[in-house]
Each structure stands twice: as C-alpha cells, then as structure tokens.
Amino acid sequence: MVILTFKRFRFIILLILLVSLVHCKNTTHDMQNENAINILFLHHSTGRVIWTGKPSGVDVIKNVFNNVYQVPDWFIEYNQTNGTNYAIKEQSFPNKEPYGWKNYPFDYYNIWVKNAGSELFMDEPTLEILTKNNDVIIFKHCFPVSKVDENTGIPDINSEEKRLENYKVQYNALKKKIHEFQDTKFIVWTSPVLLENHTNPDEAQRSKDFVNWVISEWDEPTDNIFIWDFNKLQTEGGLYLPVKNARNKSDSHPSESFAKEVAPLFCQRIVDVIENNGEKTYLTGIMK
C-alpha cells in the first residue's frame, strides 16, 4: 500500500492543475485569424534572450510541459485583458545558411534594398514578401554592430565594413525603401552594446554616435518607422554594457534577469506603436 505524504500529495495536485492550465491556455498561434494584427520580430541571439525572458516561480514548473516565453505570454495576457487580437511571432533573420549569421546595417540593406523584389534572396524574404502578411515588423542588430571602426571619409553603401559613414548611407537607403510600405509599421531596436573589456573607448563612442544619429536625425516623427531604445536600457546611459546586465563578465549577451525586466517594456512599446503611433511611451517603452 502506497502512503502519500502531504508534500507529495500537494505536489501531485499542483502538477495536475498546471497540466490543465497549460492545455487550456491560449497561444498566440491559436488566436490568429483574419482580424489579427500580425507582428513579426526578426532577431538572432540577443533578441532571443529578450523574447524568452527568465521564467520564475510557477512558470519554472510550467516549462516542464510548455515553453513559457515572456514576450508572447505578455501578449496573450494583454489580449485577454483588453479584448485585442495581437498575434506576435519570431523568426531568425538572416539564417546561418545560406546567407550567414549577419544582421548588420549592410545586411538589411543588401537583402531589402539592393536585392528587393518578390523573390527570396539567398532564401531570405524581402520586404515585398514580409509585408504581405505582417502589420508590424521589428528588426535589430547583434552586439558586434557596436564595434564601429573609424571613418575613411568615403562612405560606401555596398561595404560590409562597420563604419559610421557606411551605417548612415545604408540606413538612409533602408528608410527610403521602408517608406514604400506605408500599410506596415516598422520598429527598429537601437544597437546592442558590448562589455567594456570587449571594445575600446573610440569604438564605444562611435557606436553611441550611431545610436544618437538614429534617434535625433534618421528617425522621422510622422513616418511608419519607430524606435525601441534598447541601447539606453542596456547601458543605463553609458557607453558600455554593465556586467550586471550581461550574461557574465565575458559574454555580452543580455542576462536573463535583465531580459525579464525589459521584455515588458518592449511589449508596451509595440502596443503603443500600434494603438497610438508610439506617443504614449518613451522610446524605451516606459509609459509617459
């Protein structure tokens, strides 16, 4: 005869409740229909950390049965509370093969502007393809974008060299292209940064100059492009990624605790862009 202790009995009851909760819970995929506002998040590893967040408490146990991801779960709860139908999904862009794991200003320019059209470029979707089924498109760079070399004085839009002069001409070409798709809203992250021991003061300052230029000059207040100032959240106004916001002292990916803190701000910014053209949040996603 098996005698259940109180702790074991409580655990079994909790397990049953959690299984029921997970199977009853809606997902963003389930809520998609012809009336949904479809949101696409293009990212690599840094974006993946923010998308996933850090489960805690009961979510740790729920992860035994179902993936608990902070960003889509935030939208599920928002939809249920507000009667909205925002369907968000994520996608690696570009993929490792055949294009390569590169998502810097040149690469968006290369795929979306230089090789624009209705056909895939190296298996990657162009804006003509992406905008067909998405109302909001979010894109970002990985933290090596912040290793910005000194200018040469001769900007080259077709160069993969990470220089401020090249970033600017590539971003200007991107903006012109994005303006062709006025029915779609775009959100771009400001550049992720590096730990101090992974860069130098000159590179870090040039990276900050690029962020400032994107916010103060490149961004236009009445167009279909919006900013999420991830850089400010990461750096807390400085030039470098503080160790406390990094995975560890030798890894410039965001920490899970930092991801859990800023993911709701990311979500708030997206919703505010959809509902109010971004006017009720600061660029960081903090409510005004």
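A quick note: this is a predicted structure, and the numbers were derived from the prediction, not measured. Count residues from 1 along the sequence.
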Colleague: Kindly write out the residues that satisfy salt bridge (charged side-chain N to carboxylate O under 4.0 Å, His left out) with Glu160, not counting sequence neighbours, or none if the list is empty.
Modeller: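 If we apply the salt bridge (charged side-chain N to carboxylate O under 4.0 Å, His left out) test to Glu160, skipping adjacent residues, the hits are Lys102.
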Colleague: For Glu275, which residues count as a salt bridge (charged side-chain N to carboxylate O under 4.0 Å, His left out) partner, sequence neighbours excluded?
Modeller: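 Scan of Glu275 (salt bridge (charged side-chain N to carboxylate O under 4.0 Å, His left out), adjacent residues dropped) gives none.
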Colleague: Name all residues meeting the side-chain hydrogen bond (donor to acceptor under 3.5 Å, both in side chains) criterion together with Asn277; count only those two or more places apart in sequence or in a different chain, and write none if there are none.
Modeller: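 Lys185.
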Colleague: State which residues pass salt bridge (charged side-chain N to carboxylate O under 4.0 Å, His left out) with Lys232; sequence neighbours excluded, sorted by chain then number.
Modeller: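 Listed in chain order: nothing, the list is empty.
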Colleague: Only counting residues at least two apart or in another chain, list the ones meeting salt bridge (charged side-chain N to carboxylate O under 4.0 Å, His left out) with Arg163.
Modeller: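 Testing Arg163 for salt bridge (charged side-chain N to carboxylate O under 4.0 Å, His left out), a comparison that skips the adjacent residues, returns Glu161.
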Colleague: Residues two or more places apart in sequence or in another chain: which of them pass side-chain hydrogen bond (donor to acceptor under 3.5 Å, both in side chains) with Ser146?
Modeller: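 Only Ser207 meet the side-chain hydrogen bond (donor to acceptor under 3.5 Å, both in side chains) criterion with Ser146.
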Colleague: Can you pull the salt bridge (charged side-chain N to carboxylate O under 4.0 Å, His left out) pairs that have at least one residue in residues 169-180, sequence neighbours excluded?
Modeller: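 Listed by first then second residue: Glu128-Lys177, Lys175-Glu220, Lys177-Glu180.
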Colleague: I'd like to check the ring pair (Phe, Tyr, Trp, His ring centres under 6.0 Å) partners of Tyr104; sequence neighbours left out, ordered by chain and number.
Modeller: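 So Tyr104 forms no ring pair (Phe, Tyr, Trp, His ring centres under 6.0 Å) with any residue.
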Colleague: Among all residues two or more places apart in sequence or in another chain, which pass the side-chain hydrogen bond (donor to acceptor under 3.5 Å, both in side chains) test with Glu124?
Modeller: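 Partners of Glu124 under the side-chain hydrogen bond (donor to acceptor under 3.5 Å, both in side chains) test: none.
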Colleague: Please enumerate all residues that pass side chain to side chain contact (heavy atoms under 4.5 Å, CB included) together with Lys288, with sequence neighbours excluded.
Modeller: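 Tyr282.
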Colleague: Run the side-chain donor-acceptor check on residues 113-122: report pairs under 3.5 Å with partners two or more places apart or on a different chain.
Modeller:
from: Lys114; atom 1: NZ; to: Asn158; atom 2: OD1; distance (Å): 3.3
from: Asn115; atom 1: ND2; to: Asn110; atom 2: O; distance (Å): 2.8
from: Asn115; atom 1: ND2; to: Asn110; atom 2: OD1; distance (Å): 3.1

Colleague: For Thr46, which residues count as a side-chain hydrogen bond (donor to acceptor under 3.5 Å, both in side chains) partner, sequence neighbours excluded?
Modeller: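 Thr46: no side-chain hydrogen bond (donor to acceptor under 3.5 Å, both in side chains) contacts found.
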